[in-house]
Amino acid sequence: MPDSPMAPPRSFLWSRRVFLTLLAAFVLTPVYVMVSSSLKPLADVTGRFRWLPSRLTIRPYIDIWSTVPLAKYFVNSLIVAGAATVCSVVVAVFAAYAVSRHEFRGKRVFTVTVLSTQMLPGILFLLPLFLIYVGIGNTTGIALFGSRGGLILTYLTFSLPFSIWMLIGYFDSVPRDLDEAALVDGCGPLGALFRIVVPAAVPGIVAVAVYAFMTAWGEVLFASVMTNDTTRTLAVGLQGYSTLNDVYWNQIMAASLVVSVPVVAGFLLLQRYLVAGLTAGAVK
């Protein structure tokens with residue numbers, strides 16, 4: 001059967017297949033090396049690299065919990081990332097709804113200021129936040145430095161502005177007629193927000209939540225300075241597998257795979273909401 005006049009040429013189809021195959025190999029090769037290294041004894045990992053392991057073992061997945069207190073770091077990361085995500089979503093919903101639905105003096109300045117904070121590197125805030133937390137601790141006795149609460153507040157400084165800006169664009173895409181209909185039916189402003197706007201904006205809210213969680217889960221710079229041995233998170237705790245005498249590469253690979261499971265699983269479960277939220281929030 002002859003090809004359809006609208007069908008792309010065969011050379012294009014084959015070149016696309018070759019390109020996608022090479023791209024998949026480029027992306028999956030590091031993953032394969034990580035998985036295979038996590039199933040090797042330490043002597044095989046530190047020796048000459050082999051694509052096919054000569055001996056497989058699950059011992060690294062057992063030892064990772066005793067070499068360093070990985071379970072404690074895991075709990076700290078869950079608490080910090082979960083709290084930062086909830087706070088980001090709650091504050092961003094109220095702030096974005098106010099900006100999207102109401103006119104007030106300084107509205108444009110507020111939105112530009114919120115967006116402009118994303119232009120500044122995170123390390124610029126490290127020393128000021130450190131001095132603020134130490135000053136608050138010395139003055140009031142509230143220990144923000146070295147605590148989970150202080151780390152949560154730190155993560156809000158760079159996850160909250162993006163969350164607000166993104167939800168403003170998404171709330172603008174929700175017709176205001178829905179709000180007016182809810183007000184006519186007897187709902188107040190908060191009732192219209194939670195009964196009408198929030199259900200319609202679920203994809204955008206999920207996208208914001210995923211962004212806030214992933215940002216807090218893998219952050220290293222602030223976690224390495226703002227935590228101690230008790231409040232250390234996973235991103236910093238993985239350094240414990242490197243000692244003065246040796247580097248447990250197989251355990252590092254195994255721990256990296258274990259700690260990536262929550263993020264990967266959450267992304268796969270919420271993928272359709274995330275794509276819809278990013279797409280709708282980007283079109284204004």
Side-chain angles (χ1 to χ4, degrees), residues 27 31 74-102 110-111 114-118 122 148-149 151-179 181-182 187-220 222-223 233-235 256-284:
V27 173
V31 178
F74 199 94
V75 173
N76 289 337
S77 292
L78 282 178
I79 293 175
V80 171
T85 301
V86 173
C87 293
S88 295
V89 170
V90 172
V91 176
V93 165
F94 284 103
Y97 182 73
V99 174
S100 175
R101 291 300 193 264
H102 301 284
F110 173 78
T111 54
V114 167
L115 183 59
S116 63
T117 57
Q118 301 299 302
R148 295 170 180 167
L151 193 59
I152 293 170
L153 291 177
T154 301
Y155 289 158
L156 289 179
T157 60
F158 50 84
S159 65
L160 190 56
F162 178 82
S163 301
I164 295 174
W165 177 76
M166 183 174 176
L167 282 183
I168 290 174
Y170 201 92
F171 284 168
D172 286 343
S173 66
V174 178
R176 298 195 178 190
D177 295 340
L178 298 177
D179 301 47
C187 290
L190 291 179
L193 171 62
F194 289 110
R195 295 184 180 182
I196 304 299
V197 179
V198 169
V202 168
I205 295 174
V206 170
V208 167
V210 171
Y211 165 79
F213 186 86
M214 293 180 64
T215 302
W217 185 263
E219 201 279 326
V220 177
F222 290 95
T233 59
L234 282 171
S256 300
L257 290 172
V258 170
V259 303
S260 64
V261 168
V263 176
V264 174
F267 179 83
L268 293 177
L269 292 174
L270 303 174
Q271 182 180 9
R272 62 190 184 97
Y273 295 104
L274 180 63
V275 173
L278 292 175
T279 304
V283 179
K284 295 181 62 177

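One is the number of the first residue; the rest follow in order along the sequence. Just so it is clear, the model here is predicted, and its values are computed rather than measured.
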Requested in this report: Verify whether one side chain among Ser159 and Ser88 offers a donor that lies under 3.5 Å from an acceptor in the other.
Outcome: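 Yes - a donor-acceptor pair under 3.5 Å links their side chains.
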
Hey, is the main chain of [Y] close enough, under 3.5 Å, to the side chain of [X] for a donor-acceptor pair?
| X | Y | answer |
| --- | --- | --- |
| Trp217 | Val259 | yes |
| Ser77 | Phe74 | no |
| Ser100 | Tyr97 | no |

**Report entry** Heavy-atom side-chain contact between Phe171 and Val197 under 4.5 Å
**Finding:** yes

Query raised in the report: Hey, are the side chains of Cys87 and Tyr155 touching, using non-hydrogen atoms and a 4.5 Å cut-off?
Result: no

If you compare all heavy atoms of [X] against all heavy atoms of [Y], which two are closest, and at what distance to 0.1 Å?
| X | Y | value |
| --- | --- | --- |
| Ile164 | Ala95 | CD1-CB, 3.9 Å |
| Thr85 | Ala212 | OG1-C, 3.8 Å |
| Asn76 | Arg148 | OD1-NH2, 2.6 Å |
| Ala216 | Ala84 | CB-CB, 4.4 Å |
| Val31 | Val27 | CG2-O, 3.8 Å |
| Val198 | Val93 | CG2-CG1, 4.2 Å |

Inter-residue atom distance [X].[atom1] - [Y].[atom2], 0.5 Å rounding:
| X | Y | atom1 | atom2 | value |
| --- | --- | --- | --- | --- |
| Arg176 | Ile196 | CZ | CD1 | 16.0 Å |
| Ile79 | Thr233 | CD1 | OG1 | 12.0 Å |
| Thr157 | Ile152 | OG1 | CD1 | 12.5 Å |

**Report entry** Check against side-chain contact (heavy atoms from CB on, under 4.5 Å), Phe158 and Glu219
**Finding:** CA-CA 11 Å; Phe158 50 84; Glu219 201 279 326; 4.1 Å; yes

Query - Close aromatic pair by centroid cut-off 6.0 Å: Phe94 and Phe194 - result: yes

Query raised in the report: If you count the non-hydrogen atoms of other residues, nucleotides and ligands that lie under 6.0 Å from CZ in Arg195, is the total more than 12?
Result: no

Query - Candidate list Val89, Val91, Val208, Val114, test side-chain contact (heavy atoms from CB on, under 4.5 Å), partner Leu160, passing option - result: Val91

